[in-house]
Amino acid sequence: MRDLVAGMRYLGKGQRWVAQNGRWWGFGLIPALIALVLYAAVLTVLALWSGDIAAWATPFADGWGSPWQGLLRGLFVALLFAGGLTLSVLTFTAVTLLIGDPFYESLSQKVEESEGHCPPGTDRPLWQEIWIALRDSVHVLLRAAGFGILLFVLGFVPFLGQTVIPAIGFCVSGFFLAVELTSVAMQRRDIPVRERLRLLRGRKALAVGFGTPIVLLFLIPFIAVVLMPGAVAGATLLVRELVPDEERPPAPDRGEGDAGQDRAGAPYGQPGAPGGFGPAPAQFPANPGQRPGAPRSPYPQSGPGPSAGRPPAGW
């Protein structure tokens, strides 16, 4: 439950960040507006042809009398359009991120810089970044489509198909939407898509809490365009928690009378502390960019850590 609430808070933090940086909010609207026009055209065509698609997909009901034929095909049209909306929500983010890759990369980088540290990136050319983003998006969407087909079939189950299944569908859509939105900050850290999925599966409630409200809000016309820059900003902040071993800026030096602890946190009078008996190598991580007591990160560090280049206290 704590992760679920934390995910919702990251959405709010992202929207608050773009509200305080209006120029970047306007900057992030451009690709979302382009994608909105494309999706509005596709959904309009789907709405106009949904009746014909339902008749083509259910030829066995041609001889059925009223009201059974109308009920079956009406349910098919409703599920078809609901599936189209769900697919639009999922693919809207992917398509918008592809269209606006340079825009959202700059936005995400600015968010990280405002938090005190931004990973340096991979220095790949733009076309290669777009190709990787497209390949990863297809990988995620294929996984989401598998769940979508299963939920579509379960939608025909009486009662469950009209109550429980839609709720599960929104949560599944929210999870995969979170995967898409975090791809900008994840790709900067050169984390492959399978590892991104593994990280988010380990914090499902966090991903669902962040992505599901966006799915619901994106169903409101034009809201997706307005919220997209803040969603990218919030996803960037979420990644900073999801990958906790990334480099952070050094903490400010403590004064001599600060609770009797040195920079490494050793108690006063112990080895490695002021007034102690010399350094304690075990209190300093082997990786200079790793915080004491933190697990070793599987990803390369982008710079020296807080204690790099500084002799241990007590010398």
Side-chain angles (χ1 to χ4, degrees), residues 1-18 28 90 93-94 97 101 104-122 129 132-133 136-137 139-141 143-144 171-215 227-249 285 287 289-303 305-306:
M1 182 60 70
R2 181 181 301 175
D3 268 359
L4 196 67
V5 175
M8 297 178 186
R9 286 177 179 168
Y10 276 116
L11 176 59
K13 288 178 181 178
Q15 301 303 326
R16 189 161 54 248
W17 191 93
V18 295
L90 289 173
T93 303
L97 290 175
D101 185 80
Y104 294 126
E105 172 60 32
S106 299
L107 171 62
S108 177
Q109 182 176 346
K110 190 66 177 179
V111 172
E112 300 226 47
E113 288 174 353
S114 70
E115 292 297 307
H117 170 73
C118 179
T122 58
E129 293 284 350
I132 293 173
D136 293 348
S137 295
H139 180 88
V140 172
L141 290 174
R143 286 175 175 254
C171 292
V172 171
S173 300
F175 175 82
F176 284 108
L177 186 60
V179 175
E180 287 287 353
L181 287 169
T182 54
S183 64
V184 178
M186 292 279 199
Q187 191 170 328
R188 185 184 304 111
R189 291 162 172 78
D190 206 20
I191 302 176
V193 64
R194 295 180 187 276
E195 182 65 13
R196 298 174 205 168
L197 287 164
R198 188 193 66 79
L199 287 169
L200 287 165
R201 279 198 302 267
R203 302 284 297 277
K204 288 188 185 73
L206 183 68
V208 170
F210 177 76
T212 303
I214 302 177
V215 171
L227 295 183
M228 189 65 184
V232 174
T236 302
L237 296 172
L238 185 148
V239 169
R240 291 176 68 86
E241 176 182 337
L242 201 63
V243 189
D245 290 317
E246 64 177 315
E247 184 67 23
R248 291 288 188 264
N287 186 344
Q290 182 182 353
R291 295 186 300 275
R296 187 180 296 275
S297 169
Y299 307 111
Q301 302 295 323
S302 57

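Here the straight-line distance linking atom CG of Leu177 with atom OG1 of Thr212 works out to 8.5 Å at 0.5 Å rounding. For the atom pair Leu4 CG and Arg2 CZ, the distance stands at 13.0 Å (nearest 0.5 Å). Atom-to-atom distance recorded for Leu181:CG and Met228:CE is 5.5 Å, nearest 0.5 angstrom. Taking CZ of Arg16 as the reference point, atom CG of Leu11 lies at 10.5 Å (rounded to 0.5 Å). Atom CG of Asp3 sits about 7.0 Å away from atom CD of Glu241, to the nearest 0.5 Å. Note that the CG atom of Leu206 and the CG atom of Leu238 stand 4.5 Å from one another [nearest 0.5 Å].
With sequence neighbours excluded, the residues satisfying side chain to side chain contact (heavy atoms under 4.5 Å, CB included) with Arg194 are His139, Arg143. With sequence neighbours excluded, no residue forms a side-chain hydrogen bond (donor to acceptor under 3.5 Å, both in side chains) with Ser106. Arg201 meets the side-chain hydrogen bond (donor to acceptor under 3.5 Å, both in side chains) test with no other residue; sequence neighbours excluded. Not counting sequence neighbours, Asp101 has no partner by the side-chain hydrogen bond (donor to acceptor under 3.5 Å, both in side chains) test. Listed by chain and number, the residues in a side chain to side chain contact (heavy atoms under 4.5 Å, CB included) with Ala185 are Ser108, Glu112, Arg188, Arg189, Thr236, Val239 (sequence neighbours excluded). Residues passing the side-chain hydrogen bond (donor to acceptor under 3.5 Å, both in side chains) test with Ser183: none are found, sequence neighbours excluded.
Counting only distance, with no hydrogens or angles, the side chain of Tyr104 and the backbone of Pro229 share no donor-acceptor pair below 3.5 Å.
Taking every heavy atom of both residues into account, Ala178 and Ala207 meet most closely at CB-O, 3.6 Å. Summarising the geometry of Val18 relative to Gln15, their closest heavy-atom pair is CG2-O, 3.1 Å, with the distance given to 0.1 Å. Minimum interatomic distance between Val208 and Phe175 (heavy atoms only, all atoms of both residues): CG2-CB, 4.2 Å.
Put simply, the side chain of Val184 reaches to within 4.5 Å of the side chain of Leu97, judged on heavy atoms. Residues Leu237 and Phe210 fail the side-chain proximity criterion, which asks for heavy atoms closer than 4.5 Å. For the pair Arg240/Tyr10, no side-chain contact is recorded, criterion being any heavy-atom separation below 4.5 Å from C-beta on. In this structure the side chain of Leu141 reaches within 4.5 angstrom of the side chain of Glu180, judged on heavy atoms.
Just one residue in the list Asp136, Thr182, Val243, Leu242 forms a side-chain contact (heavy atoms from CB on, under 4.5 Å) with Arg196, and that residue is Asp136.
Here salt bridge (charged side-chain N to carboxylate O under 4.0 Å, His left out) pairs that include residues 206-215, with residues two or more places apart or in two chains, number zero.
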